[in-house]
Q: 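Got a structure here, written out as structure tokens. Questions coming.
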Amino acid sequence: MTQMTALERVRALLPQLDVDALVVHEPATKIYLDALSGSGVWLVITATEAYQIMDGRYEVAARDYADRFINQVTPQGSVFTGVLDWIATHHPKRIGIESELPYAMYHELERGCPVVPLHDAIPLIRARKTPAEVARVRAACRLADDIFPALLKQIHVGMTENDVVGELFRLVYRFGASGVSFDPVICSGPRTAMPHGRASGRQIEAGDFLLLDYGVVKDGYQSDMTRTVAVGHATAQFTKLYETLLPIQQTMVSRYESGRIGGQLHQEAANLIATAGYGAYFNHGLGHGLGIGGGERPLINATSLDVLQPGMIATCEPGIYVPGVGGIRIEDDVLVTEAGPESLSQTPRELLVVG
């Protein structure tokens, strides 16, 4: 059986929503549809045609997309006007628009014809990855795994958190990634109690916790991994927190099964952490979807109703963060399959002492 293309999967929303066209501007959705992803590019998708409306900056690059898009070039600064002109020319009865659009643009489109917000329709389509997409995420995870031991070799007492970030970026490009998935979360000592703390000029000291949360992009798809290591030596506090969290994280990875609900998984992790005596110190969602980026589903948090299905990829990243002491997080990227969960992250999870 021939698999539907991404464009065909998104096009299926037209009759479902009873709209004549979809207007797309989110970069991740444009990447998913194999279109130009720049800010000056809009897509209009109908049942029979797909338009790529852009300004002159993209005219040459757009030639490579002419087999699947009708390219329309507008004057610089008037790309959105080009979308409005398309509506005025083609007279759709209703259009579907992304809910992320600024209100001013929403209002302008609504003046042209009735609009239907897409809400999470496209992210839920993107959530179930094709085998080709899984392979790309797997490759990004493999790169993150390869980078990790090389990064650890550079870490030593006395370097700053910013120094670690510099080494990480050097390795990301040396190992062949096209960039990072997000601004890396690199923090040390008591600062590791901030789940999303960014690097600072703080010097790393012997006995510090060091939290390393980074991801790389390969062929447009992302990885996202966290490991927390001890620098110089592992304190009793570090060892206790690590040995508490690791079995919880591994238990939760094993529960990423088809049919499970995101909110229930999060609550199970929270319960395990609370039973261990650290219930007040787990203060973020258990995980999130992974792929192109930009609002990936499924969500694995306290309020999520997302149902795991084969082909979905999500992070599993429980943490314990004690103010004034430090925090531990262990994060893997997990593929949901018919046969059960598969961790795409292969970096060792045992307690490590570096530097």
Side-chain angles (χ1 to χ4, degrees), residues 4-119 121-123 125-126 130 132-133 136 178-179 181 217-222 291-296:
M4 293 176 68
T5 66
L7 184 57
E8 289 169 340
R9 294 170 79 186
V10 170
R11 239 186 203 129
L13 293 173
L14 293 167
Q16 293 175 28
L17 299 173
D18 189 25
V19 297
D20 293 331
L22 303 174
V23 175
V24 170
H25 191 244
E26 284 297 297
T29 304
K30 289 185 284 189
I31 292 171
Y32 177 68
L33 293 171
D34 197 20
L36 289 165
S37 61
S39 60
V41 178
W42 291 74
L43 306 183
V44 178
I45 299 165
T46 71
T48 58
E49 296 172 316
Y51 297 83
Q52 203 165 219
I53 301 173
M54 71 203 78
D55 63 43
R57 292 174 293 170
Y58 305 93
E59 185 172 6
V60 173
R63 293 172 186 168
D64 292 336
Y65 297 77
D67 61 328
R68 52 198 182 276
F69 291 100
I70 298 170
N71 292 320
Q72 293 188 355
V73 180
T74 67
Q76 179 73 28
S78 63
V79 181
F80 185 63
T81 301
V83 176
L84 298 176
D85 289 343
W86 184 94
I87 293 171
T89 301
H90 290 80
H91 309 292
K93 64 180 181 183
R94 296 202 309 173
I95 60 171
I97 66 169
E98 293 167 307
S99 303
E100 295 84 356
L101 279 181
Y103 175 75
M105 289 182 172
Y106 177 102
H107 183 61
E108 284 295 310
L109 290 167
E110 192 176 37
R111 289 177 60 185
C113 76
V115 300
V116 177
L118 294 174
H119 299 302
I122 293 179
I125 290 173
R126 286 171 39 207
T130 65
E133 289 180 295
R136 289 183 177 185
S178 57
S181 308
V217 181
K218 179 68 174 175
D219 295 328
Y221 283 75
Q222 303 178 348
I292 299 169
E296 290 282 346

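Basis for what follows: all heavy atoms, side chains included, without hydrogens, waters or symmetry-related copies. Numbers here simply count residues along the sequence, with the first being 1.
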Q: Begin from the C-alpha positions of V19 and V115 and carry the test side-chain contact (heavy atoms from CB on, under 4.5 Å) through to its verdict.
A: CA-CA 8 Å; V19 297; V115 300; over 6 Å; no
Q: Under 30°, 30 to 60°, or over 60°: which ring-plane class applies to Y65 and F69, parallel, tilted or perpendicular?
A: tilted
Q: Spell out, as yes or no, whether a donor-acceptor pair under 3.5 Å connects the side chain of H119 to the backbone of S99.
A: no
Q: Check the pair V23 / E98 against side-chain contact (heavy atoms from CB on, under 4.5 Å), numbers first and verdict last.
A: CA-CA 7 Å; V23 175; E98 293 167 307; over 6 Å; no
Q: How are the rings of W42 and F80 set relative to one another: parallel (under 30°), tilted (30 to 60°) or perpendicular (over 60°)?
A: tilted
Q: Do the side chain of K30 and the main chain of V41 share a donor and acceptor less than 3.5 angstrom apart?
A: yes
Q: Begin with the C-alpha distance, continue with both residues' side-chain angles, and end with the deciding distance and a verdict on side-chain hydrogen bond (donor to acceptor under 3.5 Å, both in side chains) for Y221 and E133.
A: CA-CA 8 Å; Y221 283 75; E133 289 180 295; 2.6 Å; yes
Q: If only atom types and distance count, is the side chain of E49 paired as donor or acceptor with the main-chain N or O of T46 below 3.5 Å?
A: no
Q: Quick one: does T89's side chain have a donor or acceptor within less than 3.5 Å of a partner on D85's backbone?
A: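 Looks like yes, one N/O pair under 3.5 Å.
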Q: Verify whether one side chain among R111 and Y106 offers a donor that lies under 3.5 Å from an acceptor in the other.
A: no
Q: Can a salt bridge be assigned to the pair R94 and D20 using a cut-off of 4.0 Å between side-chain N and carboxylate O?
A: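 Looking at R94 and D20, the cut-off is not met.
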Q: Would you find a donor on one side and an acceptor on the other, under 3.5 Å apart, between the side chain of E59 and the backbone of V73?
A: no
Q: Dump the intermediate steps for side-chain hydrogen bond (donor to acceptor under 3.5 Å, both in side chains) on Y32 and R9, then the final yes or no.
A: CA-CA 11 Å; Y32 177 68; R9 294 170 79 186; 3.0 Å; yes
